[in-house]
Amino acid sequence: MESLGTGMRDSSHWKSTAYRTHTIGQIIENGSELLGKEVDIAGYAETVRGRGAICFLMLRDGTGKIQAFLKKDNMNEDVFNLIQNSTRESTIQVKGVVAQKRPPKIAEGEPLPPPEYEINVESGKILANAAAPLPVGVTDDVHVGLDVRLDNRHLDLRRSHINAMFQLRSKVLEYGREHLIKEGFMEMNSPKIIASASEGGTNLFPMMYFDTPAFLSQSPQLYKQLAVLGGLERVFEIGPAFRAEKHDTYRHLNEFISFDIEGAWMDDEDVMGVQERMIHHIWSSIAENDQNLIDVINEYRSSQGNETVTVEVPNLPFPRISYCEAIEIVKLGGGEIEWGDDIESHHCDIIAAKYPGFHFIPRWPMAMKPFYIHHREDEKGKTGGQLSRGFDLNYGRDEMTSGGQREHRVEVLEQNLRNMGLNPDDFAFYTDGFRYGAPPHAGWGLGVARLLMVLTGAGNVREVVLFPRDRNRVTP
RNA sequence: GCCCUGAUGGUGUAGUGGCCUAUCAUGCAGCCCUGUCGAGGCUGCGACCCGGGUUCAAAUCCCGGUCGGGGCGCCA
């Protein structure tokens, strides 16, 4: 358990490596036991202060920060000078003795802070020098634009609140996996190079597969269904999806990580249940274990004058607002919309005013859903239009998920394709999977980065994606 | 694809035709001080996106380009 609230990783069980006997986190945690012991540590030089006979080197690794104290009299003078003249963010290895740090001057009446530890350096080595000045200051209190940060993501990532966001991302995936595995889902991977459009409705990136034209996959949809038809029963996949749309918004990327599930013998309600339980598990686990990471993000947000974020564990079940109800809410709220229209962002604002958190929007018109979505002939909307078993999950105005029960009747599937102007022959690889007995099944796909945006308060999906790919960016 | 908006040192900014040999912060370099700790003090370094045009005069106005930002559409 992280005790300092620094957002650094818990390294209590990490073993020593060629470059260090201890992590900095281990020294901070066990300083009293290590007093007087000689250790080797390595890290980035966050600050190098002092010019003359003494030098204070603040070293940071992924697990903590500690001050290394250098005295010219106590060590080789060349090494001392080399370190004293090193630039910020250079990587440095030092050997020294763990000592208690002298307490800082404090105002009278203030309580003494808990003891801190430092390293009295005996020798050291510059591992790699950093060029100066840095394109993005790691600890500087100046605002830096997103584009410059993304161009220098390797440095941006050294900033504590950015680092915390990606630690949170890892936690979200960990807790999500944990929950699905508990519910009997197994992890699978589908191909990302495909011969034909897997869903239609979006543009794909074309590519050459040796001498055959092919595409990058827009979704694992059809493949996870085939896996379920084949008897894997409950599957999930966390993997990339590619869409060649020239969108330019805070919530779209051309490559994104999709968190998908598919389960046999389930309908749309069943998989909505899986989803809300999973999100509940993720949120409550973060609240329980990872508040230190949220604190780091909030510390930065406060310094920039932004409001802080809190991890509010959502109540179960999430509200279900059927498509028909949603249309009514938008109309009552003064929005112009008719049954059969898509619910657009400005409509979602009206709904979000009433349901600001997670909410499902089930039972969309069949005409608006892809061919593989199931419908029940007796379920019609108010104006008589056919309803589907497709749903969305929104958080406020933003769509997190779309999912639904799938069509398992092959003749209906082929009719749906024809209704949407597609040729069933082009989907034989898929429809053939339904000819030999198909379990009713359902599933969903969730945008991982969108979930992260909710959790971290990031206003742009690019914040929570390491190396985002958008219309104008393919590097780094 | 549509609408709106912007580009000033490494970074973030001030600047609305002459007050600009361009502001401030941060950074970087040097010096002083120093068991410092958001260290401090002093000195210095470093910029008007590119190409045309208007004007006696352009960071500032106009046109084109490039690259950003916001909104919409589409979706996860």
Side-chain angles (χ1 to χ4, degrees), chain A residues 46-58 65-71 85 87-89 99-106 113 116 118 120 130-152 155-156 159 199-203 218-221 238-260 275 299 303-304 342-349 368-370 392-395 397-403 444-454 459-462 465 470-473:
Chain A
E46 190 160 295
T47 55
V48 187
R49 264 198 300 277
R51 292 282 183 272
I54 61 172
C55 172
F56 303 98
L57 169 69
M58 185 60 83
K65 297 175 192 185
I66 197 164
Q67 176 169 286
F69 178 64
L70 290 76
K71 214 167 185 170
N85 292 318
T87 46
R88 294 197 305 168
E89 295 303 313
Q100 197 161 126
K101 196 174 166 186
R102 300 194 186 178
K105 290 172 197 135
I106 47 165
E116 286 189 58
E118 65 176 9
N120 281 139
L134 301 164
V136 173
V138 174
T139 54
D140 299 355
D141 203 18
V142 292
H143 181 262
V144 185
L146 184 57
D147 216 43
V148 172
R149 287 173 41 210
L150 292 178
D151 283 338
N152 299 280
L155 273 175
D156 187 44
R159 307 203 296 166
E199 292 184 29
T202 190
N203 292 316
Q218 67 176 117
S219 161
Q221 180 60 37
I238 303 170
F242 306 89
R243 308 229 168 136
E245 298 287 343
K246 292 184 176 176
H247 34 48
D248 207 0
T249 75
Y250 66 89
R251 60 191 186 281
H252 288 98
L253 291 175
N254 296 292
E255 175 180 345
F256 64 96
I257 299 298
S258 182
F259 195 142
D260 276 81
Q275 179 154 69
E299 199 179 312
S303 78
Q304 299 296 304
D342 197 7
I343 300 175
E344 295 169 358
S345 286
H346 55 283
H347 299 135
C348 288
D349 287 330
M368 301 174 64
K369 284 290 161 185
D392 284 356
L393 174 73
N394 282 24
Y395 183 93
R397 76 189 306 255
D398 292 317
E399 186 179 333
M400 299 283 123
T401 294
S402 76
W444 41 255
L446 166 71
V448 172
R450 291 200 181 171
L451 211 52
L452 256 296
M453 286 174 75
V454 174
N460 192 315
V461 68
R462 292 161 182 78
V465 175
D470 64 31
R471 180 179 182 174
N472 302 308
R473 181 180 285 282

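Chain letters run A, B, ... following the sequence lines, proteins first and then strands; every chain starts at 1.
Residue Asp342(A) is in sugar-phosphate contact alone, with no base atom involved, counting any heavy-atom pair closer than 4.0 Å across all strands shown. Across all strands shown, Lys101(A) has heavy atoms under 4.0 Å from base atoms, whether or not it also approaches the sugar-phosphate. Using a 4.0 Å heavy-atom distance criterion, Met400(A) is classed as a sugar-phosphate-only contact. Residue His143(A) is in sugar-phosphate contact alone, with no base atom involved, counting any heavy-atom pair closer than 4.0 Å across all strands shown. Using a 4.0 Å heavy-atom cutoff across all strands shown, Arg251(A) reaches at least one base atom of the nucleic acid. At the heavy-atom level, Val136(A) lies nowhere under 4.0 Å from the strands shown. Note on Gln67(A): a base of the nucleic acid sits closer than 4.0 angstrom, heavy atoms only. At the heavy-atom level, Arg159(A) lies nowhere under 4.0 Å from the strands shown. Here Phe259(A) lies out of heavy-atom contact (under 4.0 Å) with every strand. Heavy atoms of Thr401(A) sit under 4.0 angstrom from primed sugar atoms or phosphate atoms, though from no base atom. Within 4.0 Å of Ser345(A), counting heavy atoms only, lie sugar-phosphate atoms of the nucleic acid but no base atom. Using a 4.0 Å heavy-atom cutoff across all strands shown, Ile257(A) reaches no nucleic acid atom at all.
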Spell out protein contact along nucleotides 40-46 of chain B as letters: B when the base is contacted, S when just the sugar-phosphate is, - when no protein heavy atom is under 4.0 Å; keep the 5' to 3' order. -------
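At a threshold of 4.0 Å, the pair Arg159(A)-Asp140(A) does not count as salt-bridged, since none of the basic side-chain nitrogens sits closer than that to a carboxylate oxygen.
Nucleotides rG9(B) and rC49(B) place their C1' atoms 14 Å apart, quoted to the nearest Å.
With a cut-off of 3.5 Å on both pairing distances, the Watson-Crick or G-U wobble partner of rC2(B) is rG71(B). Pairing partner, rC28(B): rG44(B), with both Watson-Crick or wobble hydrogen-bond distances short of 3.5 Å.
Every residue two or more places apart in sequence or in another chain that forms a side-chain contact (heavy atoms from CB on, under 4.5 Å) with His347(A) is listed here: Val330(A), Ile337(A), Ile343(A), Glu344(A).
Remark: C1' of rC75(B) and CZ of Phe242(A) are 16 Å apart, rounded to the nearest angstrom. Across the protein-nucleic acid pair, Asp260(A) atom CG and rA76(B) atom C1' stand 9 Å apart, rounded to whole Å.
When the nucleotides rG27(B), rG70(B), rU11(B) are ranked by their closest atom to the side chain of Val144(A), rU11(B) comes out on top.
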